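In this text, all values refer to a predicted model and were calculated from it rather than measured experimentally.
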Amino acid sequence: MSPFIPGKDPPVPIHSTAIIDPQAQIDSSAVIGPYVLIEGPVCIGAETKVGPFCHLMGETTIGERCRIHDRVTIGDIPQDRAFRNEKSY
């Protein structure tokens, strides 16, 4: 996986309004849409497309050739009332 390094010319098509955490690793063939927020050590695989207004966070890995549709949040805490801050997958 070719990582995205903030502060340098992005090697992947990342919309100018996207905000990418320095810890994120984004494959060089991935596409990041407008107003996407990526927080933490998120890994995005080859040929994956992230739609507008998505929020990816935490220790999240997105595989190859995935499509994340508009306004999706991935990596936030579960809505399960039994969740007690343990690591979840």
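- Contact detail for Ser29 and Ala46: the closest heavy-atom pair is OG-CA, 3.3 Å.
- When each of Val50, Ile68, Val42 is paired with Ile74, the side-chain contact (heavy atoms from CB on, under 4.5 Å) condition holds for Ile68 and for no other.
- His15 meets the side-chain hydrogen bond (donor to acceptor under 3.5 Å, both in side chains) test with Thr17; sequence neighbours excluded.
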**Item:** Verdict with reasoning, Met57 to Thr73, per side chain to side chain contact (heavy atoms under 4.5 Å, CB included)
**Value:** CA-CA 8 Å; Met57 65 184 92; Thr73 298; 3.7 Å; yes
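- Atom CG of Leu56 sits about 11.0 Å away from atom SG of Cys43, to the nearest 0.5 Å.
- Taken from NZ in Lys49 to SG in Cys66, the straight-line distance is 12.0 Å, to the nearest 0.5 Å.
- Linking Ile, Leu, Val, Met, Phe, Trp and Tyr residues whenever their side-chain heavy atoms come within less than 4.5 Å places Ile32 and Ile62 in a single cluster.
- Applying the side-chain contact (heavy atoms from CB on, under 4.5 Å) test between His55 and each of Asp76, Val72, Val36, Leu37 identifies Leu37 as the sole match.
- Gly33 and Ala18 get closest at one heavy-atom pair: O-CB, 3.8 Å.
- Rounding to the nearest 0.5 Å gives a distance of 7.5 Å between CD of Glu64 and OG1 of Thr48.
- The hydrophobic clustering, which links ILVMFWY residues whose side-chain heavy atoms are closer than 4.5 Å, places Tyr35 and Ile19 apart.
- Pairing each heavy atom of Pro13 with each of Ser28, the nearest pair is CD-O, 4.4 Å.
- The CD atom of Gln25 lies 12.0 Å from the CD1 atom of Ile38; values are rounded to the nearest 0.5 Å.
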